[in-house]
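Here is the structure we will look at, set down as structure tokens.
Not measured: the values here are computed from a predicted model.
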Amino acid sequence: MIRILVADDSAVAREVVNGGVKVHRARRYIEVDTVNDGRAALDVLQKKPIDIAFVDINMPGLSGAEVVAAMGETRSSKCLTVVMSSALDEASEAVFRRSGAYHFLKKPFHQDDVAELIATYMKMTTSYPILIVDDSATMRKLVRRILEESRFDFEISEADSAPSALRALASGRFRLVLTDFHMPGTDGIELAGSIRDLSSRIGIYMMSTNDASYVERSAAFVGISGFLKKPFTAQDIDTIMHGFLELDAPKFGKVRDMFSFSARERRFPEANFPGSLLQVLPCRICTMVTLILDC
């Protein structure tokens, strides 16, 4: 069951949101509470756990910003919050970001916009089998904790080396892999190459404290999906999952590049491939690229 709150003093806006809800009612049971002022919205959030809250910014009683700011002390502290208005000022945006709001719908919007957000929530609450690969038990525990704090739901497994990871991946059930770069024996880049031999559809994300360009470029070269520089947070996991599932980026979500050299190259385009790439890739890859360019 999905519990949805619609809080808006405009009957038209409430009807549009309810129209988006109806799109999914054939597949999921959805319970909707509809209120027309901020105080009533906060009462609902305190009485029951709400999964998705559509909250108008300009309501009588309490404003949308006041409702969202107080949400952390209610039974609905973890709900997906979507705020609605014809405009969003900087002060309100700052409140929504601090309070963990998810997205902003600019009025007038269409019921399809609402339906898409509900579909996003359903994808977030689908369980994704993910494998953490790190030779450090402490780091695996830390990464597990970060994954558990994400908006997305994961079925988490662990491996302490590349060989044990490949044995686990042979089952074919994993959708994503978070692998450390520095591991004894087979490192993360070599592991990624082996994973790509198994499947082109698994999301592979490299973890490392090293921010050297050659590490990221080598990772990208073998087909890794993205790079997570330690330390990272649950918001970083949310960002890579939006990219992996091809979901639209939320208004209040964290924005990050999958590889930090992408941002650097936008600022310094003269550093682009092929010249600078040959300077930073490991020798064996560099030699192969050189042969290709000479052909």
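With hydrogens and angles ignored, the 3.5 Å screen pairs a side-chain donor or acceptor of E190 with a backbone N or O of D187. At least one donor-acceptor pair closer than 3.5 Å links the side chain of S76 to the backbone N or O of K48. Judged purely by atom type and a 3.5 angstrom limit, H24 uses its side chain to pair as donor or acceptor with the backbone of A115. Side chain of S225 to main chain of G203: no donor-acceptor pair is present (N/O by atom type, distance under 3.5 Å, no hydrogens or angles). Side-chain N or O atoms of T239 include one that pairs as donor or acceptor with a backbone N or O of K254 at under 3.5 Å. No donor-acceptor pair closer than 3.5 Å links the side chain of S199 to the backbone N or O of I195. Judged by distance alone, the side chain of S136 and the main-chain N or O of M139 form a donor-acceptor pair under 3.5 Å. Side chain of S99 to main chain of V95: a donor-acceptor pair is present (N/O by atom type, distance under 3.5 Å, no hydrogens or angles).
Using a 4.0 Å cut-off between a side-chain N of Lys or Arg and a carboxylate O of Asp or Glu, E158 and K141 do not qualify as a salt bridge. Between D33 and R3 there is no salt bridge, since no side-chain nitrogen of the basic residue lies less than 4.0 Å from a carboxylate oxygen of the acidic one. Classification of E216 and K229 as a salt-bridged pair fails, no side-chain N sitting under 4.0 Å from a carboxylate O. A salt bridge is absent between E149 and R145; no separation between the charged side-chain nitrogens and carboxylate oxygens falls under 4.0 Å.
Here the shortest heavy-atom pairing between V67 and G38 reads CG2-O, 3.5 Å. Nearest heavy atoms, D238 versus S150: OD1-OG, 2.6 Å. Of all non-hydrogen atoms in I156 and R144, the two that sit nearest each other are O-NH2, 3.6 Å. Between I146 and A234, the shortest heavy-atom contact is CG2-N, 3.5 Å. The nearest pair of heavy atoms linking A159 to S164 is CB-OG, 3.5 Å. Shown here for V55 and G64, the closest heavy-atom pair between the two residues is CG1-CA, 3.8 Å.
Under the 4.5 Å side-chain heavy-atom criterion for ILVMFWY residues, a single connected hydrophobic cluster contains both V143 and F227. Under the 4.5 Å side-chain contact rule for hydrophobic residues, I237 and M124 share a cluster. Put simply, V16 and M84 are part of the same group of oily side chains (I, L, V, M, F, W, Y) that touch within less than 4.5 Å, one to the next. Hydrophobic clustering places F154 together with I204 (ILVMFWY residues linked when any side-chain heavy atoms are closer than 4.5 Å, directly or through intermediates). In the hydrophobic cluster analysis, where Ile, Leu, Val, Met, Phe, Trp and Tyr join through side-chain heavy atoms closer than 4.5 angstrom, L80 is grouped apart from F252.
To the nearest 0.5 Å, the span separating CG on L117 from CG on D248 amounts to 8.5 Å. One finds the CZ atom of F109 at 11.0 Å from the OG atom of S86 (value rounded to the nearest 0.5 Å). The line from CG of D134 to NE2 of H182 is 11.0 Å long, rounded to the nearest 0.5 Å. The CZ atom of R140 sits 10.0 Å away from atom CE of M207, with the distance rounded to the nearest 0.5 Å. Rounding to the nearest 0.5 Å gives a distance of 8.5 Å between CG of L142 and NZ of K230. The structure places SG of C79 at 4.5 Å from CE of M71, a figure rounded to the nearest 0.5 Å.
Between the side chains of R173 and S157, at least one donor-acceptor pair of N or O atoms lies under 3.5 Å. Between the side chains of S92 and D89, at least one donor N or O lies within less than 3.5 Å of an accepting N or O. D153 and T125 share no side-chain donor-acceptor pair at under 3.5 Å.
The aromatic rings of F244 and Y205 sit perpendicular to each other, their planes meeting at more than 60°, with 30° as the lower class boundary.
You'll find the side chain of L169 reaches within 4.5 Å of the side chain of I202, heavy atoms only. Side-chain contact between L198 and L166 is present, with at least one heavy-atom pair separated by less than 4.5 Å. Residues V83 and Y102 have side chains not in contact (no heavy-atom distance under 4.5 Å, counting atoms from C-beta outward). Annotation: side chain of R175 is not in contact with side chain of S127 (no heavy-atom distance under 4.5 Å). Counting only heavy atoms from C-beta outward, the side chains of D180 and D135 approach each other to under 4.5 Å. Here the side chains of L131 and L178 are not in contact, with every heavy-atom distance at 4.5 Å or above. Side-chain contact check for T186 versus S161: every heavy-atom pair is 4.5 Å or farther apart. Within the 4.5 Å cutoff, no side-chain heavy atoms of D9 are placed close to those of D37.
Remark: aromatic rings of H242 and F152 are close, center separation under 6.0 Å.
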Check the pair K251, L88 against side chain to side chain contact (heavy atoms under 4.5 Å, CB included), reporting the backbone distance first and the verdict last. CA-CA 11 Å; K251 171 66 176 177; L88 179 65; 3.9 Å; yes

Stepwise side chain to side chain contact (heavy atoms under 4.5 Å, CB included) check, L176 with Y128: CA-CA 8 Å; L176 300 109; Y128 298 95; 4.0 Å; yes

I'd like to know whether D236 forms a side-chain hydrogen bond (donor to acceptor under 3.5 Å, both in side chains) with T233, so could you lay out the CA-CA distance, the side-chain angles of the two residues, the decisive distance to 0.1 Å, and finally the verdict. CA-CA 5 Å; D236 293 300; T233 68; 3.2 Å; yes

Run the side chain to side chain contact (heavy atoms under 4.5 Å, CB included) test on N36 and R14 for me, step by step, so that the C-alpha distance in whole Å, both residues' side-chain angles and the decisive distance to 0.1 Å come before the verdict. CA-CA 9 Å; N36 59 12; R14 294 197 302 268; 3.5 Å; yes

Quick one, R28 with M1, criterion side chain to side chain contact (heavy atoms under 4.5 Å, CB included). Give me CA distance, side-chain angles, the key distance, then yes/no. CA-CA 7 Å; R28 293 286 292 272; M1 179 175 70; over 6 Å; no

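With D51 as the partner, the side chain to side chain contact (heavy atoms under 4.5 Å, CB included) test is satisfied by one option alone out of I30, L5, I2: I2. A side chain to side chain contact (heavy atoms under 4.5 Å, CB included) with V17 holds for exactly one of V82, V114, V32; it is V114.
Residue R196 places its CZ atom among more than 12 non-hydrogen atoms of other residues, nucleotides or ligands, all under 6.0 Å distant. Around atom CD of E73, no more than 12 heavy atoms belonging to other residues, nucleotides or ligands sit under 6.0 Å away. K107 NZ: more than 12 foreign heavy atoms inside a 6.0 Å radius.
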